[in-house]
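For reference, the structure discussed in these notes is given below.
Throughout, a chain's letter reflects where its sequence line sits, starting with A, and its residues are numbered from 1. Predicted, not measured: the structure shown is a model, and the values here were computed from it.
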Amino acid sequence: MNDTNTMHAALRGNATTIAIETDADEIETALAQWWHDNARDLPWRFGRTTPWGVLVSEVMSQQTQMGRVVPYWTAWMERWPDAAALAEAPKSDVITAWGRLGYPRRALRLQECAHVIAYDYADELPHTYDELLALPGIGDYTASAVLSFAFGERIAVVDTNIRRVLSRAFVGVESLGGSASPAERALAKRLLPDDDSAKCRRFDRPSVVWNQAVMELGATVCTAKSPLCEACPIAGKCAFLRNGRPGLGQRRTRPRQLFQGTDRQVRGLVLNALRGLPDGETVLDRKSVERLWKDHVQLDKCIASLDEDGLIEILPGGGVRLPV
DNA sequence: ATCCAGTTTG
DNA sequence: CAAACAGGAT
């Protein structure tokens, strides 16, 4: 029962049914109260924005800390309040406004997404998982998150925080591996509270509060490396803590490629140079491009990949610019 | 399984 | 300095 390998096997679904804690109801109650008292006051929460605003916040938050997203989201929504507005914007403005959020392809995908919503859906977000999943840049997590947080639908949201918290609290082990296993998804589904007889605002429904509370707990208390178990509202019912936190902080993913010297760094340099062009100038000439990186073979490879991604355009003389 | 890309944290 | 971060596409 306390054997880590056995429980990892159970989490992968190789063993018989996991003995889920019977006090799941108490955990739900404690987390709902904790959410009520501790939820960060982010501008896209508590029904203060449109479904489109929620989608924008989710895309910006993919692999980017929420705290850094807030100022970008606020400026973005003021400039482009809905999908139709973003669909009309020049790409160069979109890329520039994305600034240093990282992963600039997300900005282009968000605009493609805005095109589809504006023209195919009359500027209203679709309400079904399959339709949302089909949108550019929207995967399982974001589709589920929009359904839950924007529309109040009862659906299990599975992200890295929720995986970590549910695995720790209910199975007693760290969540391992790259993507969510079927067993982890099943666990999330099984624990999702019912919304029956809940006559309240969309964002106050039990399943929505549960998704947000578990995620928030993972982001602020039940963190990967050094969880603040002293401050955790469910510490008394946590299987991981009871087990002595086996394998705490154990690496879940393979070591990542170093940044220094990689294509990512070079791509970042090129985009940053284009963003930093003086007012009125739109083109970075070949000489300036070559000054960015000594290895011209790698440089040209990165320029080509940026062009393929639609993030830049290559001009006849070898200069580059942001697409219009 | 890898790539993407910028910042914060331990 | 490496890991981690409300992932998605290939």
Nearest whole angstrom, please: distance from the [atom2] of [N] to the [atom1] of [X].
{"X": "A/Trp73", "N": "C/dA6", "atom1": "CH2", "atom2": "P", "value": "19 Å"}
{"X": "A/Tyr103", "N": "B/dC3", "atom1": "OH", "atom2": "P", "value": "12 Å"}
{"X": "A/Arg106", "N": "C/dA9", "atom1": "CZ", "atom2": "P", "value": "12 Å"}
{"X": "A/Leu55", "N": "C/dG8", "atom1": "CG", "atom2": "P", "value": "11 Å"}
{"X": "A/Leu110", "N": "C/dG7", "atom1": "CG", "atom2": "P", "value": "16 Å"}
{"X": "A/Trp293", "N": "B/dA5", "atom1": "CH2", "atom2": "P", "value": "14 Å"}
{"X": "A/Leu311", "N": "B/dA5", "atom1": "CG", "atom2": "P", "value": "7 Å"}
{"X": "A/Asn161", "N": "C/dA3", "atom1": "CG", "atom2": "C1'", "value": "15 Å"}

Ignoring hydrogens and angles, tell me if any N or O in the side chain of [X] forms a donor-acceptor pair with the backbone of [Y] under 3.5 Å.
{"X": "A/Arg275", "Y": "A/Gly99", "answer": "yes"}
{"X": "A/Arg321", "Y": "A/Thr282", "answer": "no"}
{"X": "A/Gln111", "Y": "A/Leu86", "answer": "yes"}

- Sugar-phosphate, base or nothing in reach of A/Asp140, heavy atoms under 4.0 Å: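 It contacts sugar-phosphate atoms only.
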- Query: A/Thr142 near the nucleic acid: base, sugar-phosphate alone, or nothing, with a heavy-atom cut-off under 4.0 Å?
  - Reply: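 It contacts sugar-phosphate atoms only.
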Please list every donor-acceptor pair under 3.5 Å in which a side-chain atom of residues 47-54 of chain A meets a protein atom from a residue at least two apart or in another chain.
| from | atom 1 | to | atom 2 | distance (Å) |
| --- | --- | --- | --- | --- |
| A/Arg48 | NE | A/Arg45 | O | 3.2 |
| A/Arg48 | NH1 | A/Asp41 | OD1 | 3.4 |
| A/Arg48 | NH2 | A/Asp41 | OD1 | 2.7 |
| A/Arg48 | NH2 | A/Leu42 | O | 2.7 |
| A/Thr50 | OG1 | A/Gly53 | N | 3.0 |

Sub-3.5 Å pairs of nitrogen or oxygen atoms, protein against nucleotides 7-10 of chain B:
| from | atom 1 | to | atom 2 | distance (Å) |
| --- | --- | --- | --- | --- |
| B/dT7 | OP1 | A/Arg100 | NE | 2.4 |
| B/dT7 | O2 | A/Gln65 | NE2 | 3.4 |

- Task: Starting from the C-alpha separation in whole Å, work towards a yes-or-no answer on ring-ring contact (aromatic ring centres under 6.0 Å, His included) for A/Trp210 and A/Trp35.
- Result: CA-CA 9 Å; A/Trp210 171 259; A/Trp35 168 256; over 10 Å; no
- With A/Lys301 as reference, evaluate A/Asp263, A/Asp307, A/Asp295 under the salt bridge (Lys or Arg N to Asp or Glu O under 4.0 Å) test and give the passing residue.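 Passing option: A/Asp263.
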- Check: A/Arg106/A/Thr64 side-chain N/O donor and acceptor closer than 3.5 Å: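 Per modelled atom types, A/Arg106 and A/Thr64 side chains form a pair under 3.5 Å.
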- Message: Say we look at C/dG8 and B/dT7: how far apart would their P atoms be, to the nearest angstrom?
- Response: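 So the two P atoms sit 22 Å from each other.
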- Query: When the C1' atoms of C/dA2 and B/dA5 are considered, how many whole Å apart are they?
  - Reply: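 Looking at atom C1' only, C/dA2 and B/dA5 are 16 Å apart.
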Return the nearest nucleotide to the side chain of [X]; candidates are [options].
{"X": "A/Ala224", "options": "C/dG7, C/dA6, C/dC5", "result": "C/dC5"}
{"X": "A/Glu216", "options": "C/dG8, C/dA4, C/dA6", "result": "C/dA6"}
{"X": "A/Ala219", "options": "C/dA6, C/dG7, B/dC3", "result": "C/dA6"}

- Under 4.0 Å between a side-chain N or O of A/Gln63 and OP1 or OP2 of C/dC5?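 No, A/Gln63 has no side-chain N/O under 4.0 Å of OP1/OP2 on C/dC5.
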- Query: Does a side-chain N or O from A/Arg275 land closer than 4.0 Å to OP1 or OP2 of B/dA5, or not?
  - Reply: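 So the side chain of A/Arg275 is outside the cut-off, no N or O lying under 4.0 Å from OP1 or OP2 of B/dA5.
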- Item | Residue met sooner reading DNA chain C from 5', once A/Thr64 and A/Gly137 are mapped to nucleotides |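 Whichever sits nearer the 5' end wins; that is A/Thr64.
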- Message: Here's a test of your reading of the structure: between A/Ile138 and A/Phe149, which maps to the more 5' nucleotide of DNA chain C?
- Response: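 By nearest-heavy-atom nucleotide position, the 5'-most residue is A/Phe149.
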- Item | Under the salt bridge (charged side-chain N to carboxylate O under 4.0 Å, His left out) test, residues paired with A/Arg245 that sit two or more places apart |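 A/Arg245 satisfies salt bridge (charged side-chain N to carboxylate O under 4.0 Å, His left out) with no other residue.
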